[in-house]
Amino acid sequence: MPRLILPLLFSALAFLASAAHADDFSYPDINAFLSTIGGTPEPLQAVVPAEPNIQQEDLRVRVLPDRKLPPAFDFYTKMGFRVAWHDDPAPLVFLIAGSGSSYDSARLDYLKALFWQAGMHVIVMSSPTNYDFIAAASTSGLPGLGRRDARDLHTAMSVALEHARNKTGLEATEFRMVGFSLGAMNAAFVSELDEHLGQFDFTRVLMLNPPVNLYNSIRRLDALSHTDVPGVDSTESFYEHIFDKLSRYFALRGDTDIEDTLFAGIQTSEEALSDAEMAMLVGAVFRFAAADLNFMADLINGQGRYAPTRQKVTVSTSLTPYLRRALFCDFGCYVRNQLWPDWHSRNAEGTLEDMAYETSLKSIGEHIENNPRMAVLTNADDFILTRDDYHYLADTFGERAFLYPRGGHGGNLRHHDVTARMLNFLEGTTP
């Protein structure tokens, strides 16, 4: 099955692209995986302030007072987050990272700068599947269930806000929320929870490139790391293969300016990455995120499958064998071996499909349908979506669905048209 994923996936992406709105979008007509990896070409990006010009600080705060970790991991008993603020009262937007990502990822840094420049305070949160969040703020240590993650994230957001207020003196006039990828799904569930709690009363919730059914998207991402690349028969040989390509490319150029030239330059050279190579590269990135998730969840719950037990871990304990073992367990493996047994212990009559539905956007359909405070932004060639997923978002959100024909998974989020649409929605100047 994994060997078939790429042609099937590109067939689906071609269909979705043809179903998109009229194509007057200036984003380059390139491969969805290249879009995801390379992002938006600089001439098409909305300009944001440089980091030194933003009033911001990274903070750490204790969310779970009773959380105890082995001494070697004591640093992670406090949750990290980033706050950017203004001296005057302003709307505050919570920004939630995608699968496995930290609050300090490059994509979130750009969005933080964009929203701060527009006059908002910003608090940037790690994904509930990030090792830092799991250790410090996940009550179960087993993220991946929509409503449970929402409770943990809502609590963490409340604690982060209070800590930020004490440290910076920021004053919020209203609350907004933006999430990317899995963080977009998290935002939807947090919004649904807060509707009952009435704590933040979010005036705007923007979902960027969300999955519809998380576990369907997981299967698609896991399959990418098994894409058939000629001459490559393992993940290890794949990295050697890519390294050889990059070495030849930079040797010919005589420089190693990776950030500025890697994907724009290499794709016009003889060393251009193939569709299969780019697909596998994207899959490999998610595989490392899955390894972090497997390791920390196992450590918190003391199972000793992918992490040393509390009795065995010390400051001098080598974690390499455990991390290598975790790399062999992808997101689907995590669901089967750690998340499913936990859920099934409380839902003996339930099935894996039942668990998947509970963590899908469809399970909170009443909250997101006809909700003028919520919008979704996605691309017709986003490979985490099936054909049905894409149409579900388009049909459910209607005019609140900001659809683009291309951009892959978040590759066009810096495009000036896309950023303008984000800001217009958050500021209430579009439906």
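Quick caveat: nothing in here was measured; it's all calculated off a predicted structure. Along the sequence shown, the residues carry numbers beginning at 1.
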Where do Ile54 and Lys112 land on the side chain to side chain contact (heavy atoms under 4.5 Å, CB included) test, with the steps shown first? CA-CA 10 Å; Ile54 299 174; Lys112 171 214 66 192; 4.0 Å; yes
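- Between the side chain of Thr396 and the backbone N or O of Tyr392, at least one donor-acceptor pair lies under 3.5 Å.
- In this structure, Lys362 forms no cation-pi arrangement with Tyr357, as its terminal cationic atom is not both closer than 6.0 Å to the ring centre and no more than 45° off the ring axis.
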Output, in order, the C-alpha distance, side-chain angles, deciding distance and verdict of salt bridge (Lys or Arg N to Asp or Glu O under 4.0 Å) for Asp222 and Arg219. CA-CA 5 Å; Asp222 284 344; Arg219 282 191 286 269; over 6 Å; no
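- Counting heavy atoms from C-beta on, the side chains of Ile96 and Ser126 never come closer than 4.5 Å.
- With rounding to the nearest 0.5 Å, the separation of CG in Asn294 from CG in Leu299 is 12.5 Å.
- Checked against a 6.0 Å centroid threshold, the rings of His367 and Phe189 do not count as neighbours.
- The two atoms that bring Leu153 and Pro128 nearest to each other are CD2-CG, 4.2 Å, heavy atoms only.
- In this structure a side-chain-to-backbone donor-acceptor pair under 3.5 Å is missing from Arg204 to Glu427.
- The salt bridge (Lys or Arg N to Asp or Glu O under 4.0 Å) analysis of residues 342-352, with sequence neighbours excluded, yields the pairs Arg148-Asp342, Asp342-Arg346.
- Once rounded to the nearest 0.5 Å, the distance linking CE of Met79 with CZ of Phe133 reads 6.5 Å.
- A distance of 9.5 Å separates CG of Leu108 from CZ of Phe115, quoted to the nearest 0.5 Å.
- Checked by atom type and distance alone, the side chain of Thr129 pairs as donor or acceptor with a backbone atom of Gly100 at under 3.5 Å.
- Screening Val190, Leu161, Leu193 for a side chain to side chain contact (heavy atoms under 4.5 Å, CB included) involving Phe200 leaves a single residue, Leu161.
- In terms of modelled atom types and a separation under 3.5 Å, the side chain of Asn213 and the main chain of Asn216 share a donor-acceptor contact.
- Residues Leu145 and Met355 have side chains in contact (heavy-atom distance under 4.5 Å, counting atoms from C-beta outward).
- Glu369 has no carboxylate O lying under 4.0 Å from a charged side-chain N of Arg400, or vice versa, which leaves the two without a salt bridge.
- A 4.5 Å side-chain heavy-atom check between Asn209 and Ile384 finds every atom pair outside the cut-off.
- By the 4.5 Å heavy-atom criterion applied to side chains, Trp343 and Asp354 are counted as neighbours.
- Arg60 forms a cation-pi arrangement with Phe75, by the criterion of a distance under 6.0 Å to the ring centre and an angle within 45° of the ring axis.
- A distance-only check finds no donor-acceptor pair linking the side chain of Arg67 to the backbone of Ala137 [under 3.5 Å].
- Taking 4.5 Å as the limit, some side-chain heavy atom of Val61 sits within range of a side-chain heavy atom of Phe81.
- Residues Gln338 and Gln303 bring no donor and acceptor atom of their side chains to less than 3.5 Å of each other.
- Side-chain atoms of Thr139 and Asp152 include a donor-acceptor pair closer than 3.5 Å.
- If you take CZ on Phe202 and CG on Leu92, they are separated by 9.5 Å, rounding to the nearest 0.5 Å.
- When Leu361, Leu208, Leu393 are each tested for a side chain to side chain contact (heavy atoms under 4.5 Å, CB included) with Val376, only one passes: Leu393.
- Between Arg176 and Met120 there is a side-chain heavy-atom pair separated by less than 4.5 Å.
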Using side chain to side chain contact (heavy atoms under 4.5 Å, CB included), reason through Tyr103 and Asp109 one step at a time and then give a plain yes or no. CA-CA 8 Å; Tyr103 66 86; Asp109 255 355; over 6 Å; no
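- Listed for the Ser105 side chain is no donor-acceptor partner under 3.5 Å among the backbone atoms of Ser101.
- Minimum interatomic distance between Met374 and Ser191 (heavy atoms only, all atoms of both residues): SD-OG, 4.1 Å.
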Run the side chain to side chain contact (heavy atoms under 4.5 Å, CB included) check on Met185 and Leu214 step by step: do they pass? CA-CA 8 Å; Met185 175 173 276; Leu214 176 60; 3.9 Å; yes
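- Within the model, atoms CG of Leu293 and SG of Cys329 stand 8.5 Å from one another, a figure rounded to the nearest 0.5 Å.
- A donor and an acceptor atom, one from each side chain of Thr40 and His416, are nowhere located under 3.5 Å apart.
- At a threshold of 4.5 Å between non-hydrogen side-chain atoms, the residues Asn130 and Asp292 do not count as touching.
- Under the 3.5 Å distance criterion, with hydrogens and angles disregarded, a donor-acceptor pair is assigned to the side chains of Asn412 and Asn379.
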Please walk me through it: do Met157 and Met177 pass side chain to side chain contact (heavy atoms under 4.5 Å, CB included)? CA-CA 11 Å; Met157 290 161 63; Met177 183 165 46; 3.9 Å; yes
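- For Glu358 and Ser363, the side-chain atoms include no donor-acceptor pair closer than 3.5 Å.
- Under a 4.0 Å N-O distance rule, the pair Asp58/Arg82 qualifies as a salt bridge.
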Mind running ring-ring contact (aromatic ring centres under 6.0 Å, His included) on Tyr404 and His415 for me, showing each step along the way? CA-CA 11 Å; Tyr404 293 90; His415 191 281; 7.7 Å; no
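- Of the possible polar contacts, one joining the Asp194 side chain to the Asp201 backbone as a donor-acceptor pair under 3.5 Å is found.
- Judged purely by atom type and a 3.5 angstrom limit, Asp132 uses its side chain to pair as donor or acceptor with the backbone of Gly80.
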Going through the distances and angles, do His409 and Phe180 end up as a ring-ring contact (aromatic ring centres under 6.0 Å, His included)? CA-CA 10 Å; His409 188 59; Phe180 169 68; 5.1 Å; yes
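- Side-chain contact between Tyr215 and Thr359 is present, with heavy atoms from C-beta onward closer than 4.5 Å.
- Of all non-hydrogen atoms in Tyr390 and Ala380, the two that sit nearest each other are CE1-CA, 3.5 Å.
- Taking the ring centroids of Tyr76 and Tyr131, they lie under the 6.0 Å cut-off.
- How far CD1 of Ile300 is from CG of Leu142: 9.5 Å, rounded to the nearest 0.5 Å.
- Across all their heavy atoms, Pro372 and Asn370 have their closest contact at CD-O, 3.3 Å.
- With 3.5 Å as the limit, one finds no donor-acceptor pair spanning the side chains of Asp388 and Thr386.
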